[in-house]
Amino acid sequence: MFDSIKKRFSSAETEELTAHPAGKPDISREKSAELYEKAKTYFPGGVNSPVRAFKSVYGTPLFIQKGDGCHIWDADGNQFIDFCGSWGPLILGHNNAKVREKVTETMQNGMSFGAPTALENELAELILKHNKYIQKLRFVSSGTEAVMSAIRLARGYTKRDKILKFEGCYHGHVDSLLVKAGSGLVTFGETSSAGVPKSFADETIVVPLNDREALKLAFEEFKDQIAAIIIEPIPANNGLLLQEKEFLQYVREICTVNEALLIFDEVISGFRVGFEGAAGYYQIAPDIITYGKIIGGGLPVGAYGSSAEIMSNISPEGSVYQAGTLSGNPVAMSAGIAQLSELAKSGFYKDLNAKAEEFADSIQRYATAKNYKLKVFRIGSIFWFAFTDKPNIRRADEIDPASMEKFKVFHRELLNRGIYIGPSGYEVGFVSSAHTKIDLEKAKRTIFESLDFVFRNK
C-alpha cells in the first residue's frame, strides 16, 4: 500500500494541463498556480501534506479560499460542489452556522489554557452517552496521535511488543505502522518511509486483508508476542476496501482467543457511518477505538477510548505515558459539541445515508446502462469511484493501477465542470448533510457527462 501512496505523491512534476484534450475548457488556475510556485519556496513540494500536491492528477493544486455548505471556492474564484469535506470530518458541510457560532462564543474567552475546561467534560459526556463501546476516552490533537497512543496503551496493557496490521490499511504516519508487507504470507513489516528504523518495523507484522489463514499463521508463529491487531474496520485510505462482517468477527475472535487487543482505527469511519461508527454498524466490540477530527467539527482533534479498566493504565492514573498541551483545546471541544449534538439527533444518519445511497446508486445505474467499467462502492455516506468491473474489492492488490489513468481524466473533467473530489483515485468521497437534492442532482448530471467523456476517449 505504501509504495502506491509514495508513487502517487512523489512522482515527477505535475503534467501540464494541455497534456490531453479536455471535454470541457479548463478552469483558470492562474492565481492558484502563482500561489503554488511561491509555496514551493517555503514547503517541501509546496504543500504541508502530500496528497495536496495533485501529483496523481492534471494541473497544479487548487488553493481554496472559502467554503460554505457543500460548496468551496478557490483563489481564482472557481466554485465547486465539494465531496472531499476536508477528507471527511465536515459531515455538516463547510462553515456550519451552529459550529461557527459555538466556536466564536468560546474564543471570546480565550483559545488555549493547557488546563482543564468544562467543555472537555461536555464533549466527553456527549460521546460516551451515545457510544456503548467505550467507557472512558482521552482527547489528543490528531488521528495519528490517537493511533500512536492506542498502540502504546495496547503494549503497556498486554506487556507484549508486536503489533499486527493489514496491508491496505493506513493508520497515519506512526513509525511502527509506516510499513509494508514483505515477501511471505506472514512477514515482519518492511519500512516504507525513510527515517523509520528497521527495528521499529521488526515489531510490526503485516498480513493481507480478508485472509483468515494468514491471521491464523501469524498467531501460531508469534505465539504470546502480539499485543494487538489494528485494523480500519472500514478501510478507506486506499480505496474503499469493504470487508465482510464475518471476517471482522473472525479478527475479533482470534484476538480474544490469543489474549491480544483489537484496535479499531475509526479516524474515518467513526461518527461518519453512525454515531457509534463501524463498531456499531457491524455490532462488533473492539478493545480500543481511535477517532479523528470529525469529533472537533473539522478542527485539529482526535481521541482514543476503551473500557475504564484498560484506560486506567494511562498516565496519571497508570504507567502508560501520554500528554499534550493542546489536548482538549477549548475551541476544538466547542466545535465538537456543536457538531456531535447535531449528529446525535434522531434521524440524522438515516436521512444522510439515504441521500448518499440514492446518489451512489443513480451513478451506478447510469454506468451499468452504458456498459461503463465503473463501480461505485459505498457504505453510509462514504463512496468510492473505482474504474473496474469487479463486484467487490477487499484488498489493495485487487486495485488495477492502470485504472488510475481513467481517474486522472475523470478528475479533470469534474473540476472543469464544478465538482471537487480528492485528487487521487485511491481516495474516497463524502456526502454531507449540506448537500441538497438540487446539489446532488446537479452533481450527478456532471458526473454522467464526465464519465461519457472518459469512456468516449478511452
Taking side chain to side chain donor-acceptor pair (under 3.5 Å) as the definition, give me every residue that meets it alongside D74, ordered by chain and number, with sequence neighbours left out.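 By the side chain to side chain donor-acceptor pair (under 3.5 Å) rule, D74 matches N78.
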Do [X] and [Y] have side-chain heavy atoms sitting under 4.5 Å apart?
X: Y282; Y: Q249; answer: no
X: Y291; Y: F139; answer: no
X: C169; Y: E232; answer: yes
X: W87; Y: E427; answer: yes
X: R212; Y: L215; answer: no
X: F271; Y: I91; answer: no

E398 vs K390, test: salt bridge (charged side-chain N to carboxylate O under 4.0 Å, His left out). Steps then yes/no. CA-CA 9 Å; E398 294 172 354; K390 294 178 181 179; 5.6 Å; no
Any side-chain to backbone donor/acceptor pair from [X] onto [Y]? Under 3.5 Å, distance only.
X: R395; Y: G168; answer: no
X: W384; Y: G425; answer: yes
X: N392; Y: R394; answer: no

To the nearest 0.5 Å, what is the distance between OH on Y366 and CD1 on I447?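 Answer for the OH-CD1 pair, Y366 versus I447, is 11.5 Å.
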Whether over 12 other heavy atoms sit under 6.0 Å from F113 CZ: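 Count over threshold, so yes.
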For atom CD of E125, is the number of surrounding heavy atoms from other residues, nucleotides or ligands below 6.0 Å larger than 12?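 No - once you tally the heavy atoms of other residues, nucleotides and ligands closer than 6.0 Å, there are 12 at most.
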Salt bridge (charged side-chain N to carboxylate O under 4.0 Å, His left out), that's the test. Do E213 and K216 meet it? Break it down for me. CA-CA 5 Å; E213 184 62 23; K216 182 180 177 183; 5.0 Å; no
Of all the heavy-atom pairs spanning L92 and S433, show the shortest one and how long it is.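 Shortest heavy-atom separation between L92 and S433 comes out as CA-OG, 3.4 Å.
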Kindly assign one of parallel, tilted or perpendicular to the pair [X] and [Y], based on the angle between their ring planes and the thresholds 30° and 60°.
X: H411; Y: F407; result: tilted
X: F383; Y: F359; result: perpendicular
X: F455; Y: Y372; result: parallel

Between D224 and K162, does any NZ, NE, NH1 or NH2 come within less than 4.0 Å of an OD or OE carboxylate oxygen? no
